[in-house]
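We use all heavy atoms of the structure for the numbers below, so side chains are in, but hydrogens, waters and symmetry mates are not. Within every chain, numbering begins at 1; the chains are lettered A, B, ... in the order of the sequence lines, protein sequences first and strands thereafter. These numbers come from a predicted model, not from an experiment.
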Protein chains: 2
Amino acid sequence: MAARPTSKTSESSDKVSVICRALRRAIIEQALEPGAKLPEDSLGERFGVSRTIARHALGQLAAEGLVELRRNRIAVVATPSWQEARDAFDIRIQLEGLVVRQLAGKLTKAQIAELNAHVDAEDGARGGTDAVSIRLATEFHILLAQMTNSPILVRYVSEVAYRCCLTLSLYSRPHSTECAINEHRAIISTLAKGDETKVMELMHHHLDSVANRALVAPTPQRGRDLLDILAPYADEVTGDRVVKLPKVARRG
Amino acid sequence: MAARPTSKTSESSDKVSVICRALRRAIIEQALEPGAKLPEDSLGERFGVSRTIARHALGQLAAEGLVELRRNRIAVVATPSWQEARDAFDIRIQLEGLVVRQLAGKLTKAQIAELNAHVDAEDGARGGTDAVSIRLATEFHILLAQMTNSPILVRYVSEVAYRCCLTLSLYSRPHSTECAINEHRAIISTLAKGDETKVMELMHHHLDSVANRALVAPTPQRGRDLLDILAPYADEVTGDRVVKLPKVARRG
DNA sequence: AGGCATCAAACTGCATGCAATTGGAGCGCT
DNA sequence: AGCGCTCCAATTGCATGCAGTTTGATGCCT
């Protein structure tokens, strides 16, 4: 009865897809921090597959923006700049606005129940780690997107939501998830009432405040961002490579 | 001076990327129609690389939604359903609204000149084939996106625009590009004037009318769509595979 | 001590080879 | 003829192997 994801975002059940899912999850749960190295060998060994497969998986994740791939270099978990993060949230707002617009007043009772159950789960996880809370919150949005039955929308919302997770782990302070949960509930009930413009407004505000809670300030420079800031300058010199710095500690 | 794509959409200049670009172009110029088969061997042979590379490239294009990959089956150029096409256009409208909103009143003279030059090129290509016109029109939108200097926005706009190209070749009639060109000019000048709301309105209207010109009707069934229509039913039976049909001619 | 050249280990880029699956031609049965 | 079965060529899924590049550690020179 419920719309089943008949077409999973271009991935079946290859070994590649399995690895992608595993890594994706590890990344959004911050088991793998931004900047973490992902050597093909190690991945292959860890997942019991050849380097070929690990490599392919990294390619897919790079296409999603979760991983950065540079020629002849070890792949790393993506480290979006502050500006990119802000852009991602802007896109996300538009996309999810589309989602709730399509969904307003069109949800079945079962779907509403499913959404409420999910938020209950979010609620129940409040005692746990931030990582889990963030994952659940993100999955709420993806669940919503899936209910539109639009594979494309699902894909883009998922991708951009994952990217936002990355961001959260980079720039966010310990942060509070309570209000987010309440906002989720409000969205569900307004969706059920079918008030299209109101729910769009709610979603917009919700995401905007999540973004603002996370991206507190232009973060002059924090941690490894320094390297990112220098990259464009180096671009003019070598085209790709950061000029050798005196001795900035590269963690990892 | 102009903002250069310092970060290409996750692809450097590997052989993989070269093949991706080539195929992408072939697809949007309709040299490869939706449904066309893309065997790894042939691609590898044609581009002078091994199957490994061809395969990897197909994976990337599948992630972009231009190619459909099904386990143990030959990859084919994607055949979006009518509904998917409509969804793609909806997303595109939102995304490009974001683009012009960011750009309004912020373009340099050089950039405006670049845009005008591009539209001149579109104009000059009116005598040529539809495929070239479509490609140029698409590239106009991508050019616009690039000027935002937001890699993420560039990526999504590009992807969704390419998908829309696919759609055009599936559902569109011979069609007229003239008005589109005029609309492009109007967008540029309004962008230059800095009228944010007006340009968003223009872009919205422009894309909407392109979509409507293309997606004339819900197209009950046309050509190979019949197979697509049956797919979900087959899903319940075999999980993936379309039940054997009597004898519908599969072109290709 | 501090900086620079040198070199080996680590890692990526890619091709090739082998097993497993698919699709379709050919053949026999009804 | 129409339908199903068998078998083979075509094709994918994956691992392995080799060559080229990067990393960073060691040792030499100032």
A.B. asks: What's the CZ-C1' distance between A:Arg71 and D:dT21, to the nearest Å?
C.D. replies: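 To the nearest whole Å, that distance equals 9 Å.
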A.B. asks: Please report the closest heavy-atom contact between B:Cys164 and B:Arg92, naming both atoms and the distance.
C.D. replies: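 Scanning both residues, the minimum pair turns out to be CB-NH1, 3.5 Å.
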A.B. asks: Take atom CG of A:Leu58 and atom P of C:dC11, then tell me their distance rounded to the nearest Å.
C.D. replies: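 Checked: the CG to P distance equals 13 Å.
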A.B. asks: For the atom pair CD (B:Glu159) and CD1 (A:Ile152), what is the distance rounded to the nearest 0.5 Å?
C.D. replies: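 Nearest 0.5 Å value for the CD-CD1 distance: 10.5 Å.
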A.B. asks: Mind listing the residues from residues 40-55 of chain A sitting with a heavy atom below 4.0 Å of DNA chain C? Number order is fine.
C.D. replies: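 Residues of residues 40-55 of chain A under 4.0 Å from DNA chain C: A:Glu40, A:Asp41, A:Arg51, A:Arg55.
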A.B. asks: Between atom CD1 in A:Ile19 and atom P in D:dA15, what is the gap in whole Å?
C.D. replies: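 Taking atom P of D:dA15 as the reference, CD1 of A:Ile19 is at 8 Å.
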A.B. asks: Over how many whole Å does the gap from A:Leu69 atom CG to C:dT12 atom C1' extend?
C.D. replies: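 These atoms are roughly 10 Å apart.
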A.B. asks: Give a yes/no answer on whether the side chain of A:Arg73 brings an N or O atom under 4.0 Å of OP1 or OP2 in D:dT23.
C.D. replies: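 Yes, because at least one side-chain N or O of A:Arg73 sits under 4.0 Å from OP1 or OP2 of D:dT23.
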A.B. asks: Could you check A:Gln83 against A:Asp87 for side chain to side chain donor-acceptor pair (under 3.5 Å), going step by step and ending with a plain yes or no?
C.D. replies: CA-CA 6 Å; A:Gln83 184 57 50; A:Asp87 289 340; 3.1 Å; yes
A.B. asks: By nearest atom, which of the nucleotides C:dT21, C:dC11, D:dT11 is closest to the B:Pro39 side chain?
C.D. replies: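 Looking only at heavy atoms from C-beta outward on B:Pro39, the closest nucleotide is D:dT11.
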A.B. asks: Could you tell me how far apart B:Asn72 (CG) and C:dG23 (P) are, to the nearest whole angstrom?
C.D. replies: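 That distance rounds to 9 Å.
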A.B. asks: Taking all heavy atoms of B:Leu136 and all of B:Ala121, pick out the closest pair and write down the distance.
C.D. replies: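 For B:Leu136 and B:Ala121, the tightest heavy-atom pair comes out as CD1-O, 3.9 Å.
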A.B. asks: Out of A:Glu64, A:Glu139, A:Glu29, which residue meets the salt bridge (Lys or Arg N to Asp or Glu O under 4.0 Å) rule with A:Arg24?
C.D. replies: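 Single salt bridge (Lys or Arg N to Asp or Glu O under 4.0 Å) partner of A:Arg24 among A:Glu64, A:Glu139, A:Glu29: A:Glu64.
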A.B. asks: Whole-Å distance between D:dA15 C1' and A:His56 NE2?
C.D. replies: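 The answer, rounded to whole Å, is 15 Å.
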A.B. asks: Distance from B:His56 atom NE2 to B:Lys15 atom NZ, nearest 0.5 Å?
C.D. replies: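 B:His56 atom NE2 to B:Lys15 atom NZ measures 14.0 Å (nearest 0.5 Å).
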A.B. asks: Between P on C:dT22 and CZ on B:Arg70, what's the gap in Å once rounded to a whole number?
C.D. replies: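 Going from B:Arg70 (CZ) to C:dT22 (P), I get 12 Å.
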A.B. asks: With respect to the phosphate group of C:dA15, does any side-chain polar atom (N or O) of B:Lys15 fall under 4.0 Å of OP1 or OP2?
C.D. replies: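 Yes, such a contact exists.
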